[in-house]
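Here is the structure we will look at, set down as structure tokens.
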Amino acid sequence: QLDKLLGRLKKTSSVTPLFALQEEGGMGATIAGKEAFGLAKTETPAALGSTGDGAKVKDAAATIGKALADLGFQMNLAPTCDVGSALSFSESPEQAAMCTSAAVEGFHEGGVACVLKHYPGQGGTNASEGAALTETWETMRTTSLYPFQAGMAAGADAIMVSHVTTPNASSDGLPASLSQEMITSKLRGELRFSRLIMTAPLSDPAIARNYDSGDAALRAFQAGADILLQPEDLRDGRRRVLGVRVAHGLHRDRGAAADGNGADMDLFCLGSFHKHSCISEKPENAQKPEAERSAPDQVTSLEMSLYMT
């Protein structure tokens, strides 16, 4: 079934899709322990972190990475870099940083890209519901951001931005996932991260309760996100952003150097987790009246797929 799903997704896209899955052990396991997928249960990040053994963290990540790569996935939505959360390696920024660096190396050794989450760190807060981090930016640089900086130095491929607000670190009052100040000014500018940036799911209550799908997707795109993950209404989110891109001539420019290598890529991406429909709408439709638009391609997505168009 998984092979058929990935095959169908490849056929519906004009570019090569990126397939991603969250698999990080313990509560963050998606396929581990399920016989059909061939990946045994792994220790929780906290258990691995408590050993203080970077080699053990790297080996565990490499095992997960290889299993995902063998199944056809190119990216793991891990590791969690938060300090003191249920899925974090440690309550110590230094210990979490060491484990994050080792995990990045392990995932790469296993054959998959990896995503540091959830920038700028959310600790034990419930960011999906709209929590606030009260630290200043200067404090974050030596605490919650420390594991992210270690992961970046180790070559992490992407960073996922959470929906926390940061009243003492930014002035716009927006969730980090929609904040140009937190994404473009601070993450791209001050921290000099040049690779992919994705949002946490835009269907999370913190966003869905306060913004319609099109507005949330557009705000995240304008803030600097490359991958817009799981809008509440995928069609509306794509249409709003694509319309703006075409109107301003951005449909061929944005993302050209997002991987840090200057590759010519279209990185306007809409992810779909859980059992949502994944719509692949043809770019030329954005310039046509609704009645003249051709029907989009539609496929059904399983929990473990991230679909890029």
- prompt: Taking the side chain from Glu23 and the backbone from Thr30, do they hold a donor-acceptor pair closer than 3.5 Å?
  reply: yes
- line: Heavy atoms of Ala96 and Pro147 approach each other most closely as CB-CG, 3.7 Å
- prompt: So which heavy atom on Thr12 is nearest to which on Leu9, and how close?
  reply: OG1-O, 3.0 Å
query: In a check of side-chain contact (heavy atoms from CB on, under 4.5 Å) between Met160 and each of Leu229, Leu196, Ile227, which one passes?
result: Leu229
message: Test of understanding: with side chain to side chain contact (heavy atoms under 4.5 Å, CB included), list the residues that count as partners of Ala169, not counting sequence neighbours.
response: Trp137, Met140, Thr166
task: Indicate yes or no for a side-chain donor-acceptor contact from Tyr119 to the backbone of Met182 under 3.5 Å, with no hydrogens or angles considered.
output: yes
- request: Can you measure from OG1 (Thr44) to CZ (Phe89) and round to the nearest 0.5 angstrom?
  value: 9.5 Å
field: Sidechain-backbone polar pair: Gln149 side chain, Thr142 backbone, donor-acceptor under 3.5 Å
entry: no
Can you give me every donor-acceptor pair (side chain of residues 57-73, partner residue at least two apart or in another chain, under 3.5 Å) with its distance?
unit_1: Thr63; atom_1: OG1; unit_2: Asp59; atom_2: O; d: 3.0
unit_1: Lys66; atom_1: NZ; unit_2: Asp70; atom_2: OD2; d: 2.9

message: Checking side-chain hydrogen bond (donor to acceptor under 3.5 Å, both in side chains) between His118 and each of Thr199, Thr80, Asp82, which is the one that passes?
response: Asp82
- line: For Ala208 and Ser203 the tightest heavy-atom approach is CB-O, 3.7 Å
message: Could you check whether Arg188 pairs with Asp226 (Lys NZ or Arg NE/NH1/NH2 to Asp/Glu carboxylate O, under 4.0 Å)?
response: yes
- request: Ignoring hydrogens and angles, tell me if any N or O in the side chain of Arg195 forms a donor-acceptor pair with the backbone of Gly155 under 3.5 Å.
  value: yes
field: Side-chain donor/acceptor of Asp204 to backbone N/O of Ile207, under 3.5 Å
entry: no
message: Run the side chain to side chain donor-acceptor pair (under 3.5 Å) test against Thr165 and tell me which residues pass, sequence neighbours left out.
response: none
Shared hydrophobic cluster, Tyr146 / Phe148 (ILVMFWY, side-chain heavy atoms < 4.5 Å): no
- line: The side chain to side chain contact (heavy atoms under 4.5 Å, CB included) partners of Thr184 (sequence neighbours excluded) come to Gln180
task: Return each pair, listed once, that meets side-chain hydrogen bond (donor to acceptor under 3.5 Å, both in side chains) where at least one residue sits in residues 102-116; pairs must be two or more places apart or across chains.
output: His108-Asp157
query: Run the side-chain contact (heavy atoms from CB on, under 4.5 Å) check on Ile197 and Val161 step by step: do they pass?
result: CA-CA 7 Å; Ile197 295 176; Val161 184; 3.6 Å; yes
query: Would you say Ser144's side chain and Gly121's backbone share a donor-acceptor pair under 3.5 angstrom?
result: no
field: Smallest separation among heavy atoms of Gly214 and Asp236, with atom names
entry: N-OD2, 3.0 Å
message: Is there a path of hydrophobic side-chain contacts, each under 4.5 Å between heavy atoms, that joins Leu174 and Phe221?
response: yes
Listed partners of Asn210 passing side chain to side chain contact (heavy atoms under 4.5 Å, CB included), at least two apart: none
- line: Sorted by chain and number, sequence neighbours left out, side chain to side chain donor-acceptor pair (under 3.5 Å) with Lys117 holds for Gln22, Glu24
task: Heavy atoms only: give me the nearest Ala40-Ala32 pair and the separation to one decimal.
output: O-CB, 3.7 Å
- request: Enumerate the residue pairs fulfilling side-chain hydrogen bond (donor to acceptor under 3.5 Å, both in side chains) with a member in residues 88-98, sequence neighbours excluded, ordered by first and then second residue.
  value: Ser92-Glu94
task: Taking salt bridge (Lys or Arg N to Asp or Glu O under 4.0 Å) as the test, write out the residues that go with Arg192, two or more places apart.
output: none
message: Restricting to non-hydrogen atoms, name the atom on Ser179 and the atom on Ala223 that form the minimum distance, rounded to 0.1 Å.
response: C-CB, 3.6 Å
statement: With sequence neighbours left out, the residues meeting side chain to side chain contact (heavy atoms under 4.5 Å, CB included) with Met152 are Leu116, Ile159, Leu191, Phe193
field: CZ-CG distance between Arg219 and Leu228, expressed to the nearest 0.5 angstrom
entry: 14.0 Å
statement: side chain to side chain donor-acceptor pair (under 3.5 Å) filter on Glu181, not counting sequence neighbours, yields Ser171
- request: Give a yes or no on this: more than 12 heavy atoms of other residues, nucleotides or ligands lie within 6.0 Å of atom NZ of Lys34.
  value: yes
field: Pairing residues for Glu43 by the salt bridge (Lys or Arg N to Asp or Glu O under 4.0 Å) criterion, not counting sequence neighbours
entry: Lys56
Spatial distance of atom OG (Ser185) from atom CG (Asp172) [nearest 0.5 Å]: 9.0 Å
Sidechain-backbone polar pair: Glu232 side chain, Tyr211 backbone, donor-acceptor under 3.5 Å: no
- prompt: Rounded to the nearest 0.5 Å, how far apart are CZ of Arg240 and CZ of Arg235?
  reply: 15.5 Å
field: Check: Ser101 side chain, Met98 main-chain N or O, donor-acceptor pair, under 3.5 Å
entry: no
Euclidean distance, Lys186 NZ relative to Leu145 CG, rounded to 0.5 Å: 10.0 Å
Spatial distance of atom CD1 (Ile183) from atom OG (Ser177) [nearest 0.5 Å]: 6.5 Å
task: Side-chain contact test, heavy atoms from C-beta onward, threshold under 4.5 Å: evaluate it for His163 versus Leu202 and give yes or no.
output: yes
